Amino acid sequence: MVFSSAFFLLYFLPIFIVAYFFVAQRFRNILTLAFSIFFYAWGAPRFLFLVILSTVLTFYLVQALHKESRRKQRRWLLTSAVGLNLGLLLYFKYANFFVENLNELLSGLGMTNLEWTAVALPIGISFFTFQSLTYAVDVYRKVHDPLRKLTDYMLYIMMFPQMIAGPIVRFNTIADQIEHRNTTAEDRLLGFYRFTIGLAKKVLIANVMGAVADDILAREFVHMNSTTAWIGILAYTFQIYFDFSGYSDMAIGIGRIIGFRFPENFNNPYISQSITEFWRRWHMTLGAWMKDYLYIPLGGNRVKSKTRLYFNLGFVFLLSGLWHGASWNFVLWGAFHGVFLILDRIFLIRILNKLGKYPSVLITFFLAVMGWVLFRIEDFDAAMTFYGRLFAFDFSSLSLNDSGRFFLILPFALIFSWITLSKYGLRLQDKVFYSSYSIKGSLIMLIVVIVLLGFSLASITSSGFNPFIYFRF
């Protein structure tokens with residue numbers, strides 16, 4: 001089940017919200033957990049037991065960790081909790097990748113391949129694994145006491161707004177909200193606004209861009225002209241941003257309606273003036289997680305050797321690429337960004353600063369687009385061929401299905417990607433997302449979101465194309 005489906009919008013979410021505010025406050029966590037279990041079971045029923053079992057085991061391991069005072073035993077319990085969750089992630093997400101590469105090596109050596117039955121990927125395993133790890137590590141570090149109830153911990157891991165695609169919610173930022181929270185009429189209204197804006201980004205922009213990207217990037221690249229290649233990768237560039245940020249907006253909005261404050265996950269990444277800034281704005285909860293739980297423990301910026309600093313950056317971004325998927329193209333994508341982060345520190349940021357704001361934004365956007373080629377096209381030779389077509393300077397006519405709809409939506413994708421480059425656009429965003437509304441402002445905003453909701457529902461019910469590309473991660 002996805003947020004942008006008719007069943008979710010017309011049945012699941014309305015029933016949940018009505019039930020949530022109908023029951024007494026002390027039953028709301030149980031109700032939310034029950035709906036969350038149903039939500040996950042709808043899309044992946046055969047993995048439900050696995051998720052619940054790993055969640056229960058982690059809860060009791062961390063409970064024991066919290067009560068234990070001996071350092072050696074605490075470390076053993078932490079290792080057990082981390083090993084359990086990482087082990088599941090490594091098996092379900094990376095076992096196929098490992099066996100495939102091992103068999104290629106064995107074939108090259110003339111040896112017999114391993115017999116292997118491919119492992120299916122549980123939905124959202126990367127996200128709920130990272131949250132399980134933060135729970136164990138935060139309790140070990142004594143950042144926050146563990147939750148007292150098993151059901152509260154299960155809610156933290158399985159809460160349907162953010163379980164399958166984030167944002168990655170760290171335990172210490174939400175623990176108190178799980179046990180004690182209040183929601184106001186303003187929270188419910190602002191949450192509804194945020195959810196609807198996210199839905200519109202996903203359905204009205206990302207889906208249109210995605211249809212074009214899928215059409216073009218499924219073709220043979222060898223004879224593709226540069227016009228078609230550029231349209232294809234730009235369509236994907238906007239699809240992945242509006243798809244993922246739209247889903248994050250919807251998650252944040254639902255959370256706000258029921259009293260949770262989830263962290264922001266995107267902050268206009270395409271206005272970045274360097275790749276370093278891009279990663280402060282793109283998938284912010286992943287970047288913060290990598291920084292606090294991996295980069296800083298490796299030494300972070302405190303290391304004395306620049307070689308070690310550059311190694312830490314490169315290593316973290318190789319893992320970041322691999323986190324996105326068990327394929328070499330994701331590793332290359334992570335390495336691509338890691339290289340530019342290192343170059344930023346050596347000299348590139350100084351050059352970009354001298355060039356000024358708008359040239360730096362265009363250069364960084366260009367680099368991000370080049371990175372998306374590696375992210376989207378899994379076969380290395382095909383990706384190299386596609387790069388060649390981008391720069392073949394063959395700008396002949398464009399052959400595109402449903403080109404009228406694409407060119408109608410493209411200006412909106414451009415505007416909403418770069419609107420905060422202006423002070424007015426930044427103030428408008430702050431007003432829409434983060435400010436209280438006057439009565440007049442609320443009425444205007446209510447009309448806007450109702451119109452957006454109507455268009456979104458019409459698009460969903462009239463089109464069979466409604467992918468969610470981050471399910472695979």
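Below, each value reflects all heavy atoms present in this structure, side chains not excepted, and no hydrogens, waters or symmetry copies. In this text, all values refer to a predicted model and were calculated from it rather than measured experimentally.
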(request) Could you give me the CA-CA distance, side-chain angles and deciding distance for F16 and F160, then say whether ring-ring contact (aromatic ring centres under 6.0 Å, His included) is met? (result) CA-CA 11 Å; F16 166 71; F160 76 86; 5.0 Å; yes

(request) Quick one: do S417 and F365 satisfy side chain to side chain contact (heavy atoms under 4.5 Å, CB included)? Show the steps, please. (result) CA-CA 11 Å; S417 293; F365 180 72; over 6 Å; no

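For F7, the CZ atom sits in a packed shell: over 12 heavy atoms of surrounding residues, nucleotides or ligands are nearer than 6.0 Å. The local environment of CZ in R141 is crowded, with over 12 non-hydrogen atoms from other residues, nucleotides or ligands closer than 6.0 Å. Around OH of Y293, the count of heavy atoms belonging to other residues, nucleotides or ligands within 6.0 Å exceeds 12. Residue-environment remark: CH2 (W230) exceeds the threshold of 12 foreign heavy atoms within 6.0 Å.
For the residue pair T285 and N265, a side-chain donor N or O sits within less than 3.5 Å of a side-chain acceptor on the partner. In this model, no donor atom of one side chain and acceptor atom of the other lie less than 3.5 Å apart for H324 and W333. Residues N85 and T58 bring a donor and an acceptor atom of their side chains to less than 3.5 Å of each other. A donor-acceptor pair shorter than 3.5 Å can be found between the side chains of Y156 and T134. Looking at D187 and T184, their side chains do bring a donor and an acceptor atom within 3.5 Å of each other.
When atom types are taken as modelled, the side chain of D215 and the backbone of A211 share no donor-acceptor pair closer than 3.5 angstrom. Side-chain atoms of E68 never come within 3.5 Å of backbone atoms of R74 as a donor-acceptor pair (strictly under, hydrogens ignored). A donor-acceptor distance shorter than 3.5 angstrom exists from the side chain of S274 to the backbone of E277, with no hydrogens or angles considered.
Between I275 and the options F317, F340, F336, W282, a side-chain contact (heavy atoms from CB on, under 4.5 Å) holds for only F340. Shown are D249, I197, N207, V2; of these, the side-chain contact (heavy atoms from CB on, under 4.5 Å) with K202 is made only by N207.
Every residue meeting the side chain to side chain contact (heavy atoms under 4.5 Å, CB included) condition with A120, not counting sequence neighbours, appears here in chain and number order: R46, F47. Residues passing the side chain to side chain contact (heavy atoms under 4.5 Å, CB included) test with I450 are L446, sequence neighbours excluded.
Aromatic pair Y94/W323: centroids not less than 6.0 angstrom apart. For F375 and W372, the ring centers sit closer than 6.0 Å to each other. Ring-centre distance between F35 and F12: below the 6.0 Å cut-off. W328 has its ring centre less than 6.0 Å from the ring centre of F97.
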